[in-house]
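Single-structure report; data block below.
In each ligand, atom 1 is the first atom listed, and ligand 1 is the first ligand listed. Throughout, residue positions are numbered sequentially from 1 according to the sequence presented.
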Amino acid sequence: MTSMKNKLQNLKQEILERLEKAADILQLQELEEKYLGRKGELTLLLKEVGNLPAAERKETGKLANEIRTEIKQKLIEIKKKLDKNIHNDEFFDATLPGTKIASGHLHPLTQVQRDLEKIFSSMGFMILDGPELESDYYNFEALNIPKSHPARDMQDTFYINHKNKQGEYDMVMRTHTSNVQVRAMEKYGAPLRGVALGKIYRNEATDQRHEHTFYQIEGLMVDKDISIAHLMAVLREMFKRLFDQSANIRLRPGFFSFVEPGVEVEMSCLLCKGKGCPVCKRTGWVEMLGAGLVHPNVLRAGGIDSKIYSGFAFGTGIERLAMMKYGIDDIRLFHSGDLYFLKQF
Ligand code: PHE
């Protein structure tokens, strides 16, 4: 046997052994490159065969081709085997949950707002709308709060740099949703049932319970013989459906220029069930809203005859309702843009 044939046989042996030991596809590819690549050991050896004397070349060439074919077949065979191993080894659990796709959701205040709209629509209330930049007239005057009235101090707000013919500032960022009351009366007349939800503004130092910008819901019902009893029934229903549980209500006298009598409505604390806790300042009761029977001057401003019709009105902060519903103790969280807070809802 010529030395060339020997070399070929030895290399074949070496290659087959090493292919057999390849642990994965990557190793197999490396071996293929090492032996059969452009500068691979077998490739180079095969090139040398071409330089042999003619007598030797024929036989050795034949052997070389056989060896190459055999090795290529072996490669394919082992590749198949390794491929199969991949699938055999991998444990596939079809019951595992898939990768979650992140999706957003409505802000907690929007959720409460929509809940309220549903509750009141089902009781036959219209959903009313009003401007945030409001005239002094609808925000104060029409609500029985004249220019010099001290009630304006309680609702100090941001005046806009715009004056009327008398040189008085006449546009404000609305201080409450009550600005919608007279607007609604003018537009729809009596009888009337509506709620207005939206953003309002106050010149307020912020703390755990106060914000300069927040949301309110206003309720207004005008009809013949409307009394405080109607107000209480509607509020009870609102609390019951919003909080998914019944709550007691009690009234205290309260002053608002646009209602007479005016009341502050307190609800039994849902967090401690009336036993007393930090949220209700250990009284068992939480102040929830302002309300009362619509003042005759306001009905008149809205073009409604106060001798025939009466009505109730109430207003409250939507943040306050949401805080009670979810047990949140800082109003500033709502507008903080803090995703750790928001993602809980
Ligand atoms: N507008 C009042 C406020 O913002 C609440 C209120 C509304 C009181 C309707 C009575 C009637 O404080």
Check: His107 ring centre within less than 6.0 Å of Tyr215 ring centre: no
Do [Y] and [X] meet the salt-bridge criterion of a basic N to acidic O distance under 4.0 Å?
X      : Y      : answer
Arg183 : Glu134 : yes
Glu77  : Lys74  : yes
Arg202 : Glu211 : no

For [X], atoms of ligand 1 separated by under 4.0 Å from a heavy atom:
X      : value
Arg202 : 3 (C), 4 (O), 12 (O)
Gln216 : 3 (C), 4 (O)
Glu218 : 7 (C), 9 (C)
Phe258 : 1 (N), 2 (C), 6 (C), 7 (C), 8 (C), 9 (C), 10 (C), 11 (C)
His176 : 1 (N), 4 (O)

Nearest non-hydrogen partners of Leu46 and Leu8, listed with the distance: CD2-CD2, 4.4 Å
Side-chain donor or acceptor of His230 paired with backbone N/O of Ser227 under 3.5 Å: yes
Of the listed options Gly292, Ser178, Gly219, closest to atom 1 (N) of ligand 1 (non-hydrogen atoms): Ser178
Closest protein heavy atom to atom 7 (C) of ligand 1, given as residue, atom name and distance to 0.1 Å: Gly315 N, 3.3 Å
